[in-house]
Each structure stands twice: as structure tokens, then as C-alpha cells.
Amino acid sequence: MELRVLTYFLTVAKEKNISRAAKVLHLSQPTLSKQLKELENELGVTLFTRGNREITLTEEGNYLKQRGEEILSLVQSTTSNLMSEDVIGGQLMIGSGETRGFQIVASVVNEMHREYPSIKCNLYSGNADEITRKIDEGLLDFGLVIDPVQKEKYDCFKLPYNETWGVLLNKEHPLASNVALTADNLLTIPLFISNQAMVENQIKEWQGNNIPLNIIGFYNLLYNASLLCHDPTVGILCIDGIINTTNTDLCFVELSPKLQASLNLIWKKDTVLSNTAKMFLKKIENIQL
């Protein structure tokens, strides 16, 4: 499968119409239709269902769209880094979970851009499971992840920053006025928790007992989950500072005993870093808070 034809396919998937896609690509409609048919024959699958006005992707088409976008992103960043006229330039691909500690990364990225304006930084937000998957696939140079995370297969630098776990509550919740929440308190709250693989185990270790929490759902990014707290009966198990509770009906109550999590910068072991990535890593390692 040629990258050129993959680009044709993604354009058609975006436009949902072969005529419109042909205009965008500056091709004739018959030429584009022929290329798509040859692609389907090559792959042995049907990628589109053709309607009167629009086409829709089949299950196989949706899969190719997702993977194709990742492939082209990787090709574009690699090409940019190789063709950069400066010794330091090209693209820096960074993934991060939701954390106030990202300010460390932000300060370094801004400093690098002031020194080398040709640098382009692409940011991806997701939980640790999503970040590590994209590092494994070569789609990210670095990931900023919050423990607990399995880091054995990555190079890792622990940042001088810790996150504090607690519960986001509506101020009308009976426990909202508590200074902190104990393991017994937590048992009384219907909870949404992070779907990151190891978080539930970490909370169980903190509890020190085998009594199951009343977990009613999971989230991967906190903002949408926080809207559920406008119901004063539920809580969101999360880290402090991501949701600004000032002038809202929400509050954050930390756990007691305090439960903190380390912040780590990870990258793929035995990988060759670009000059830009090497500079980023050096600046991160030398940063002082």
C-alpha cells in the first residue's frame, strides 16, 4: 500500500464524497475511484459503503482510517526531523496525562521554542495506558505519566513533583466539609475512578482492607467526569488541581492517610533520539523547581 493511495483514502473518508475528495486532491473522479478500488482489491476488504450522496466507512474502513492517520503522522514527523535545516528542529511529540506537573514540560517547550523557533511540539492528552501504547507504536517521543504505571520497558526520569489523591465532591455532599477522607469514608461514596489499569489496585493497597469500593463508573480524562459531581451523591476519585473548584459547587477533599503519586517522564528504551528530543530531555533533567 503506497502512502499516496493511503492519503487518497483518508481524504475520501474525511469528505465522505468521492467527487469532493477528487477536487481536494486535484484528481479526476474516475482516477480516484480506480485507485480506491485497487486499494480494496489489494487489501481484500470493502472499505466503503457507497450511498446516493455520501459514502460511509465499513468496519474495516474505520480501522484503516485510524491506523492510516497514525502512519501518516509518524511519516510527517520523521520527514520533518530529517529535513530540518537546523541542527535543532523538527517535531517533538509529547503525550501527557492530566496533571499540574505538566507546567514543567510546558516551561521547557516554551524555552526551546524561543531558542529554536523551527521546533514544532505536538501534544497528546490521555491516560497512562494510552500514552504507553503510543510510545510503543513510535507515535510519541516522550510521555508524562502519573504512578502507578509499569515502567520496566521504558527509560524513565522521575520529576521533582508529586500529585495528591483525593475525591472531587459537590459542596452539598455530607462529607464535603471533611478535612480529609478515610478509607471508611470512601466506602460510603458512589465513585467514578480512572480507568488507568493499576489505579484500582493502588487504592485497594491504600485502604488496607478487602472491602470493595462502590465503583459506579470509570473515566479517562477528568473534565467530563467532573460534571457528574453536580449530583451531590457521587464522587470522583482523582488527583488534586486538575479541576479548578474556585467559584463552583465542587470541592476537592484529599485522602487520609495522604496518598501521593510520582510524576515520570518515560521514553522508549534503546531508541535513537533526535537532537531536539535530546535537548528536551537534558533541559528536563536539569530543571529546578
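Atom set for the values below is all heavy atoms of this structure, side chains included, hydrogens, waters and symmetry mates excluded.
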Short side-chain to backbone donor-acceptor contact, D141 and M93, under 3.5 Å: yes

Residues in salt bridge (charged side-chain N to carboxylate O under 4.0 Å, His left out) contact with E70, at least two apart in sequence or another chain: R67, R133, K134

Cluster check V24, L47: I/L/V/M/F/W/Y, side chain < 4.5 angstrom: no

Sequence neighbours excluded - side-chain hydrogen bond (donor to acceptor under 3.5 Å, both in side chains) pairs with any residue from residues 221-242: H230-D249, D231-T233

Using only atom types and a distance under 3.5 Å, with no angle test, would you say the side chain of Q196 pairs donor to acceptor with the backbone of I146? yes

Can you tell me if T7 uses its side chain to pair, donor with acceptor, with the backbone of L3 under 3.5 Å? yes

Per side chain to side chain contact (heavy atoms under 4.5 Å, CB included), I189 is matched among V234, L213, L181, I236 by L181

Salt bridge (charged side-chain N to carboxylate O under 4.0 Å, His left out) involving E15 - partner list, sequence neighbours excluded: R20

Is a salt bridge present between D155 and K151, judged by a nitrogen-to-oxygen distance below 4.0 Å? no

Heavy-atom neighbours of K171 NZ exceed 12 at 6.0 Å: yes

Where the side chain of N127 meets the backbone of E130, is there a donor-acceptor pair that is under 3.5 Å apart? yes

Donor + acceptor pair across side chains of T99, E163 (<3.5 Å): yes

Do the side-chain N and O atoms of T245 and T248 include a donor-acceptor pair separated by under 3.5 angstrom? no

Output every pair passing ring-ring contact (aromatic ring centres under 6.0 Å, His included) with a member in residues 26-52, not counting sequence neighbours, ordered by first then second residue. F9-F48

Is it true that E137 and K268 make a salt bridge, defined as a side-chain N closer than 4.0 Å to a carboxylate O? no

Using the rule that Ile, Leu, Val, Met, Phe, Trp and Tyr join whenever any side-chain heavy atoms are under 4.5 Å apart, tell me whether L221 and L237 fall into a single cluster. no

Side chain T31, main chain L27, donor-acceptor under 3.5 Å: no

Between D136 and Y154, do the side chains contain an N or O donor and an N or O acceptor separated by less than 3.5 Å? yes

Quick one: list whatever passes salt bridge (charged side-chain N to carboxylate O under 4.0 Å, His left out) with K258, sequence neighbours left out. E254

Does anything in residues 246-287 pair up under ring-ring contact (aromatic ring centres under 6.0 Å, His included), and if so which pairs, sequence neighbours excluded? F142-W267, F142-F280

Heavy-atom donor-acceptor pair, W206 side chain to P257 backbone, under 3.5 Å: yes

Following the transitive rule for hydrophobic clusters with a side-chain heavy-atom cut-off under 4.5 Å over Ile, Leu, Val, Met, Phe, Trp and Tyr, establish whether Y63 and V5 coincide in one cluster. no

Checking the side chain of T58 only, and the main-chain atoms of T46 only, is there a donor and an acceptor separated by less than 3.5 Å? yes

Distance-only, no hydrogens or angles: does the E40 side chain make a donor-acceptor pair with backbone N or O of K37 under 3.5 Å? no

T182 and D184 side chains, donor-acceptor separation under 3.5 Å: no

Any donor-acceptor N/O pair, N170 side chain to E172 backbone, under 3.5 Å: yes

